[in-house]
Structure formats: C-alpha cells, structure tokens
Visitor: 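There's a structure below that I have some questions on.
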Amino acid sequence: MVTGSKTREGQKLPFTVIMHPEGFDLLHGDASILSHRNDAPAISIGTGRPDLEMVRGNFRIDDVVETRLALDCFAQVDGCIRLWNEKRPDIVATLALEERALQSILTFRCTDPAFNRLWIDMQCAMSEAFWGGGEQMSYVRLNGRRFPFWTSEPGVGRDKSTALTQTMDADGLAGGDYWTTNYPQPTWVSSARYAVHLETAAYSVLDLTDAGRVGVECWSANVDLELFDAPSLPALVTKMSDRFGRQPALPDWAISGAIIGLKDGADTFDRFEKIAASGAAITGLWCEDWIGIRQTSFGKRLFWDWKWNAARYPDLPAQIAALAERGIRFLGYVNPYLAVDGSLYQEARAASFLALRQDSDAPYAVDFGEFDAGVVDFSNPAAAAWFAERIIGQEMLDFGLSGWMADFGEYLPTDVRLFDGSDPMEAHNRWPVLWAKVNADAIASRGKTHDATFFMRAGFSGVQAHCPLLWAGDQCVDFTRHDGINTVITAALSSGLLGNAYHHSDLGGYTSLHGVVRTAELMHRWIDLAAFAPVMRSHEGNRPADNLQLDSSAEILTHFARMSQVHARLAPYVRALSDEAVATGLPLQRPLFLHYDDAAYYDIQDQYLYGADMIVAPVVEEGASSRNVTLPGGDWVHLWSGDVYAKGTYDIAAPHGQPPVFTRKDSGHAALFSAITQEFRA
C-alpha cells in the first residue's frame with residue numbers, strides 16, 4: 001500500500017493514499033480523486049445479472065441488480081485496506097495501491113465470488129475535462145454524459161431523435177446511440193494530467209453526467225484501476241502507448257498515394273485504369289470482393305470463404321503481378337467468421353476450431369443477415385494459429401495480398417461455449433484484440449510486418465499492440481451530426497489519445513439505406529478530408545449501384561486526382577510523423593489541446609493538428625462554402641494562398657479542393673509545404 005508522502009528517486013509519488021479516522025483519500029498530487037468515508041462510502045459491491053439481447057452485432061443491455069452493499073466500514077490490515085458493509089461483515093473487499101514503472105495500480109478484490117458488481121464514485125475538479133473512451137464517434141470531450149464500454153455495431157443514424165435511427169432500431173436494434181462504437185476502451189484522460197484505465201474486459205460504464213463526479217460501474221468485483229501521471233498531455237499519451245502497445249511505422253506505399261476501393265469483379269480493372277488515367281497518385285487497389293459476392297437485401301455482401309474466387313476474378317494472380325510491376329499493391333478483405341456454406345468452414349469444423357453451442361456440441365451459428373456463419377474460436381491457440389497460417393498466410397499473403405480490411409471482431413455472441421471455458425460476457429470485449437493478434441501474427445510469420453498492413457474498426461484495451469491502422473467504420477453517406485462525415489474526425493482524435501497512432505476512413509462513407517445516398521457535395525468534401533489522413537482509401541459502400549463513385553463524373557474524378565497528388569506530396573511529412581509515432585506513440589491526427597494548454601480548445605473536434613506543424617479544418621457541414629478555423633499561438637501559413645495568419649479564429653473560404661489547411665511558418669518542413677503551395681496555389 002502506497003501511503004503518505006513516499007517518494008520515488010527523491011520525487012513525491014504521483015498517487016498516494018492518505019488514511020483518516022473515518023476513511024481514506026486517494027490523491028493525485030495534492031488533489032483527491034477518490035474520497036471514501038464510513039458515512040459517505042464511495043465504493044459499493046453487489047450482485048446482478050445481465051438482461052441482454054443481440055441482433056447482428058447490435059445489443060440491448062440492461063442490468064438486473066439483485067444486491068448492492070455500500071462498504072461503510074474499513075480497516076487497514078497487512079498493507080491493504082479491508083472494506084465491508086456494517087450489516088454484512090462476512091463479505092470483505094480489499095483495496096491496495098502498488099507503484100510500478102509506468103503506472104500505479106489500485107487493486108480491488110472481493111472475497112466472495114458471487115459478488116459480480118462494483119460501483120466507485122471518484123471525484124474531480126468542476127472544471128476538469130475528460131477525453132478518451134476508445135474510439136468515440138460523437139463526442140471527444142466526455143463530460144456530461146454516460147459511456148458504456150461494450151464493443152458492438154455503432155448503429156445507423158446514432159441519434160434517437162431521427163427517423164432513420166428509429167427505423168433502424170425497429171429493425172434489429174440497429175439504430176445505435178451516441179456512445180455505441182466498434183472500439184470502446186475503459187480509459188479516460190484528464191486535463192489535470194492523469195489518466196485512469198479500468199483493467200477488465202467486463203462490461204463497464206464511465207458516468208460523467210454530474211460535474212465533480214467520476215462514476216465507475218463494472219460487472220466484475222475484481223478489477224485493477226491503473227493510474228497514469230505525466231507532466232504534459234503528450235507525455236501522458238506516450239505513457240499510454242508504452243502501456244498498451246505501439247504500432248509499427250506505416251509502409252511507404254500506404255502513405256504515398258491513394259488506395260482505390262472497387263468491387264466490380266472482372267470489370268474492376270477497366271475501371272481502375274480509367275481512374276489511373278486521370279493522373280491520380282495511386283499505390284493500391286483494394287478489392288474486398290476478391291472472395292466473391294453474396295447479394296442480400298442490405299446490399300452487396302461478400303462470400304465469407306476466405307480465398308480467391310476465380311469465377312469473379314479469373315486472371316487475378318497475373319493482374320496482381322502486373323500491378324506490382326507498376327508499384328501498386330493489391331488489398332483484400334477478411335473477417336473472423338466462416339460462412340457455413342463455404343469450404344473453410346468445413347475445415348474448421350473438422351478440426352474442432354469453432355465455438356460451440358452451450359446446449360450441445362454443435363458449432364454456434366451466427367445470423368449475419370440472410371446467411372449464417374461459424375465463429376472461429378480464438379480462445380483455442382491452435383484455432384488462432386490455423387487461421388493465421390491457413391487463411392491469412394496461405395490464402396492471402398502467399399497469394400500476393402499486401403493488405404486487407406480485417407473486419408468485424410465485435411460480434412462474439414454472449415451465449416457461445418469457448419475452448420478455454422471463459423465467460424463469453426467477458427470474452428466479447430477481448431475478441432477484437434485476439435482477432436488483431438491473429439492478423440499481426442500472420443504478417444510476422446512472413447517477415448512482412450513493415451511491408452504489409454491491415455486495418456480494423458473493432459477494438460478494445462490492448463488492440464494497439466497488434467492493429468497497425470484503424471478505420472472509422474461504417475458512416476452514413478451524409479453530413480448528419482452523429483453518423484456522418486464529421487464523426488471520422490472525432491474517431492481519430494479520441495482513439496489517438498489512447499495510443500492509436502494511425503487512423504483513416506472510407507472515402508465517401510459506407511452505409512446507404514432508406515434513401516440516404518451520396519451527393520456530389522459529400523464526395524467532394526470527403527475527398528478533401530481523406531487527403532489529409534495518413535491513408536487515403538476509397539470505398540464503394542454497401543450499395544455501389546445506388547451511389548456516386550470516384551469515376552461517376554469527370555468533375556469528381558478530376559478533383560480526386562488532384563487531391564491524391566496533394567496526399568502524395570505530403571508523404572515525407574507523414575513519414576516523419578510516422579517515425580515520431582514509433583518513437584513516442586503520438587498520433588498523427590491530434591486535438592489542439594494536446595499541444596496548446598487552453599481550455600478554449602477542449603471541445604474542438606471538427607478540426608485537428610496533423611502532427612504539430614499543420615492544422616486541418618475540413619468542411620463537414622452540408623452547404624457550407626467557408627468555415628471558422630481556430631489557430632493557436634504562432635504564425636500560420638494558409639496552404640493554398642501562402643497568406644500568414646496569427647492566433648485567432650477566422651472565417652476561411654473553402655471551395656472544393658481547398659479545405660482550410662494551415663502550416664506553422666517556422667516548421668522544419670516549411671520548404672515542403674511551400675512547394676505544395678506553389679504547385680497547388682489557389
């Protein structure tokens with residue numbers, strides 16, 4: 001137990017426990033972040049059972065609390081604090097604080113295994129700001145809201161007041177809410193220069209609805225609270241990257257040109273040549289349909305049997321080789337499930353590599369909307385190794401793929417039976433991390449960690465150690481507040497604070513349902529946004545025939561070609577940022593407050609620092625021809641005109657092809673930025 005004013009190497013410890021006659025305080029520096037008293041207990045334990053429903057990766061989750069005991073008695077015994085309820089002295093919990101190299105660990109344990117609920121009321125300054133929570137799509141600053149941490153489909157619309165969300169909720173719980181995300185993480189960062197991580201895979205909640213209170217709920221009474229401290233927010237991000245894992249540098253081909261997403265079978269290559277002839281800078285062709293197509297009412301889906309479909313792409317090996325001679329990589333698609341009508345499912349079933357039903361030894365079948373799939377059981381090391389070698393190694397890397405979308409990961413049902421006997425309620429959140437490791441292990445087995453790459457949307461604590469690149473998931477093809485183009489900026493900023501250095505999105509969005517289709521304006525604005533992300537990758541969406549594509553008009557294609565060239569010219573800067581990310585864990589896309597300590601910047605989530613030397617403020621509001629841009633201290637050069645601006649907020653004109661972008665006048669990359677200005681001057 002770390003108490004009082006103990007020091008580390010002559011310095012006062014960042015977190016200490018101070019005992020009082022009627023309780024104790026957990027201090028960060030001199031500020032109490034947890035105050036527990038017998039007459040005002042901050043910690044409770046209890047029992048509960050989930051009331052849960054899943055439909056195709058969408059969840060309704062309620063808690064039936066059966067017992068809740070406030071721990072209103074305490075004693076310091078054998079280096080830890082013992083806690084119990086006055087009326088139930090037989091139920092004892094222990095609390096201990098341990099100092100480690102990266103963080104302090106507040107360990108909470110309950111002696112009775114029947115108790116499976118924990119509530120902690122921490123405290124904070126009224127003005128304190130909090131960020132993090134994984135990849136949040138609606139809000140970067142978490143204050144004032146409640147955030148459950150459960151990986152799932154984010155939903156379509158994600159706004160209960162809209163007709164689209166209401167329609168999708170009625171159709172399989174699929175509307176979502178502001179907190180639903182593929183990648184939650186129970187980690188929050190404070191403006192007071194500390195962070196808290198709840199080390200558990202159990203369902204948990206961060207409740208910041210009341211100012212001055214940080215409520216924590218967890219469906220486990222045995223958890224660790226990891227406490228991080230640093231002198232600055234960048235240093236705190238580095239610590240988190242040290243803790244959760246650091247991504248390798250992105251390969252040159254991924255950052256030095258656009259990756260074109262097409263899924264048109266044999267016609268794909270003719271369309272690709274048309275796009276290439278526009279003068280676009282292209283380094284990749286991504287064909288997620290390389291394994292075949294299944295048509296459903298949702299749109300074009302893929303055939304989930306992860307190997308080359310020669311009927312759809314007859315000459316693919318030769319075409320991949322021809323692309324490689326031009327410096328263009330070929331990318332595909334994979335996810336951790338196997339369609340029951342595919343041959344790989346039969347292989348996995350014969351080897352007992354599939355998760356089972358709880359009531360029989362039959363493989364569990366997940367309904368993915370008009371087809372069923374089996375769950376490869378990654379809790380079985382042999383099954384994980386089989387998927388990495390047999391599918392990703394042999395069918396993908398050896399075939400010639402240089403990258404892929406590693407989709408899903410958030411669908412593990414909560415009523416499966418797993419090889420390792422673990423509770424699927426906790427395995428559910430861990431699943432994206434296991435899935436990421438399978439992909440990373442496959443690439444490492446071929447010695448291609450710095451050459452091939454994959455991108456994921458699902459995640460949880462620790463995915464950073466395995467997933468080299470995030471993408472923002474399935475946005476609607478529109479400008480809506482909670483599910484449109486703007487959410488990809490929020491996603492990059494929130495996830496980046498927790499050590500995810502590289503982020504990008506589907507250019508044009510993905511989800512097109514109930515009459516929501518891409519407009520030319522959306523395509524132009526998304527092209528502008530995508531040019532200023534580490535990876536610029538297009539997607540045809542779930543209903544390609546209903547939506548505009550890069551090659552739908554000469555105007556769109558010309559615009560895309562120009563901005564892909566801008567993206568390519570930025571490659572030396574992005575390489576420097578990638579090298580910095582390897583060294584420090586700092587993300588490439590950063591909120592202003594990460595480098596500028598000003599509360600006025602705490603809520604800004606529609607513009608970002610691209611590294612420390614560039615500010616990007618994409619237009620994400622429909623019908624806008626200009627937008628306000630906030631510039632922090634220093635002199636900033638407008639990329640398209642060369643005009644210099646001082647600190648302040650300005651209304652900046654933003655025609656298509658000229659999103660508001662500014663660079664630091666004193667940047668070490670000023671010559672590169674100036675060359676781009678000269679080449680692409682307005």
Side-chain angles (χ1 to χ4, degrees), residues 2 8-9 11 13-16 26 28-29 33 96-108 120 122 130-136 142 147 149 151 183-202 204 206 214 216 218 220 222-249 426 429-430 432-434 436-437 440 456 458-470 492-503 578 580-588 590-591 594:
V2 180
R8 177 177 58 197
E9 299 177 353
Q11 301 294 318
L13 292 174
F15 299 97
T16 54
L26 172 65
H28 170 241
I33 60 174
L97 182 63
E98 177 187 352
E99 179 72 11
R100 295 187 186 173
L102 283 178
Q103 74 276 64
S104 301
I105 310 289
L106 190 67
T107 301
F108 190 92
I120 303 176
M122 302 181 73
F130 293 95
W131 309 282
E135 185 186 50
Q136 292 296 327
L142 307 179
F147 291 88
F149 298 118
T151 179
Y183 174 12
Q185 183 171 323
T187 310
W188 50 99
V189 179
S190 166
S191 58
R193 308 297 185 262
Y194 72 92
V196 180
H197 169 64
L198 196 62
E199 177 51 23
T200 180
S204 59
L206 173 67
V214 180
V216 180
C218 184
S220 171
N222 296 284
V223 300
D224 292 341
L225 269 72
E226 300 185 10
L227 308 169
F228 301 83
D229 167 83
S232 68
L233 287 176
L236 195 55
V237 172
T238 295
K239 264 198 177 178
M240 293 235 252
S241 181
D242 290 338
R243 160 64 177 86
F244 297 117
R246 196 157 298 173
Q247 300 83 49
E426 294 201 13
N429 273 340
R430 289 197 305 268
V433 182
L434 298 179
K437 186 176 186 301
M456 290 180 59
F460 196 69
S461 311
V463 76
Q464 301 93 321
H466 310 294
C467 175
L469 173 65
L470 293 178
L493 299 184
S494 57
S495 60
L497 290 170
L498 303 185
N500 297 278
Y502 313 114
H503 196 280
S578 182
E580 181 184 28
V582 171
T584 68
L586 288 176
L588 276 63
R590 309 168 188 175
L594 191 63

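We number each residue from 1, following the sequence as shown.
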Visitor: Check for a donor-acceptor pair, side chain of Thr584 on one end and backbone N or O of Thr238 on the other, with a separation under 3.5 Å.
Guide: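 Checking the backbone N and O of Thr238 against the side chain of Thr584, no donor-acceptor pair under 3.5 Å is found.
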Visitor: Can you tell if the side chain of His28 reaches within under 4.5 Å of the side chain of Ser190, non-hydrogen atoms only?
Guide: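 Not in contact.
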Visitor: Could you pull out the closest heavy-atom pair between Val223 and Ser220, with the gap in Å?
Guide: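 That would be CG1-O, 3.8 Å.
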Visitor: Given Leu198 and Leu225, is the side chain to side chain contact (heavy atoms under 4.5 Å, CB included) satisfied, shown in steps?
Guide: CA-CA 5 Å; Leu198 196 62; Leu225 269 72; 3.5 Å; yes
Visitor: Can you tell me how far apart CG (Leu470) and OH (Tyr502) are? Round to the nearest 0.5 Å.
Guide: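 Reported to 0.5 Å precision, the distance equals 11.5 Å.
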Visitor: Could you please spell out the steps behind the side-chain hydrogen bond (donor to acceptor under 3.5 Å, both in side chains) verdict for Glu135 and His503?
Guide: CA-CA 10 Å; Glu135 185 186 50; His503 196 280; 2.7 Å; yes
Visitor: Below 4.5 Å, heavy atoms only, C-beta onward: do Val237 and Arg590 meet side chain to side chain?
Guide: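 Heavy-atom side-chain distance check fails, nothing below 4.5 Å.
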Visitor: Closest heavy-atom contact between Tyr183 and Ser495?
Guide: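 Taking Tyr183 first and Ser495 second, the nearest heavy atoms are CE2-CB, 4.5 Å.
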Visitor: So, for Ala458 and Val463, which heavy atoms are closest and what is the spacing to 0.1 Å?
Guide: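 Smallest interatomic distance, heavy atoms only, reads O-CG2, 4.2 Å.
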Visitor: Using every non-hydrogen atom in the two residues, find where Pro186 and Ser204 come nearest and quote the distance to one decimal.
Guide: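 Here Pro186 and Ser204 meet closest at CB-OG, 3.8 Å.
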Visitor: We want to know whether Gln185 and Gln464 form a side-chain donor-acceptor pair, criterion being a heavy-atom distance below 3.5 angstrom.
Guide: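 Short answer, yes.
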Visitor: Is it true that a side-chain atom of Asp229 and a backbone atom of Pro14 form a donor plus acceptor pair closer than 3.5 Å?
Guide: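 No; judged by distance alone, with no hydrogens or angles, the pair does not exist.
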Visitor: Asp242 vs Phe228, test: side chain to side chain contact (heavy atoms under 4.5 Å, CB included). Steps then yes/no.
Guide: CA-CA 11 Å; Asp242 290 338; Phe228 301 83; over 6 Å; no
Visitor: Kindly compute the distance separating CD1 (Ile33) from CG (Leu106), expressed to the nearest 0.5 Å.
Guide: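 Interatomic distance, Ile33 CD1 to Leu106 CG, rounded to 0.5 Å: 8.5 Å.
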Visitor: In Å and rounded to the nearest 0.5 Å, what is the CG to CG distance from Leu497 to Leu586?
Guide: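 Reported value, rounded in 0.5 Å steps: 10.0 Å.
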Visitor: Give a yes or no answer on whether the side chain of Gln247 reaches the backbone of Ala501 with a donor-acceptor pair at less than 3.5 Å.
Guide: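 Pair found, side chain donor or acceptor close to backbone of Ala501.
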Visitor: Output the distance between atom CG (Leu13) and atom CD (Glu99), rounded to the nearest 0.5 Å.
Guide: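 Going from CG on Leu13 over to CD on Glu99, the span is 5.0 Å.
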Visitor: Using 30° and 60° as the class boundaries, would you call the ring planes of Phe244 and His197 parallel, tilted or perpendicular?
Guide: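 Plane angle over 60°, so perpendicular.
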Visitor: Within a strict 4.5 Å, meaning less than it, do heavy atoms of the Tyr194 and Leu227 side chains meet?
Guide: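 Contact flag for Tyr194/Leu227 side chains = no.
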Visitor: Taking all non-hydrogen atoms of both residues into account, name the closest pair between Val582 and Ala249 and its distance.
Guide: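 Heavy atoms of Val582 and Ala249 come nearest at CG2-N, 3.6 Å.
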Visitor: Before you tell me yes or no, could you show the steps for Leu493 and Trp131 under side chain to side chain contact (heavy atoms under 4.5 Å, CB included), namely the whole-Å CA-CA distance, both residues' side-chain angles and the distance that decides it to 0.1 Å?
Guide: CA-CA 9 Å; Leu493 299 184; Trp131 309 282; over 6 Å; no
Visitor: So how far is it from Leu102 CG to Glu226 CD, rounded to the nearest 0.5 Å?
Guide: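 Separation between the atoms: 9.0 Å.
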Visitor: Whether the side chain of Arg246 engages the backbone of Ala583 through a donor-acceptor N/O pair (distance < 3.5 Å, no angle test) should be reported.
Guide: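 The answer is yes, because a donor-acceptor pair under 3.5 Å joins these two groups.
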Visitor: For the atom pair CG (Leu594) and CG (Leu233), what is the distance rounded to the nearest 0.5 Å?
Guide: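 Going from the CG atom of Leu594 to the CG atom of Leu233 covers 6.0 Å.
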Visitor: Heavy-atom distance under 4.5 Å between the side chains of Phe130 and Val214, does that happen here?
Guide: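 Result yes, sub-4.5 Å side-chain heavy-atom pair found.
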Visitor: Output, in order, the C-alpha distance, side-chain angles, deciding distance and verdict of side chain to side chain contact (heavy atoms under 4.5 Å, CB included) for Ile105 and Glu199.
Guide: CA-CA 10 Å; Ile105 310 289; Glu199 177 51 23; over 6 Å; no
Visitor: So, Asp224 side chain and Thr200 main chain: donor-acceptor pair closer than 3.5 Å or not?
Guide: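 No, the answer is negative, given that no donor and acceptor are paired below the 3.5 Å cut-off.
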Visitor: Any side-chain heavy atom of Pro184 within less than 4.5 Å of one from Phe147?
Guide: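 A side-chain contact is absent here, since even the closest heavy-atom pair is not under 4.5 Å.
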Visitor: In chain order, what residues pass the ring pair (Phe, Tyr, Trp, His ring centres under 6.0 Å) check against Phe460, with sequence neighbours excluded?
Guide: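 Not a single residue meets the ring pair (Phe, Tyr, Trp, His ring centres under 6.0 Å) criterion with Phe460.
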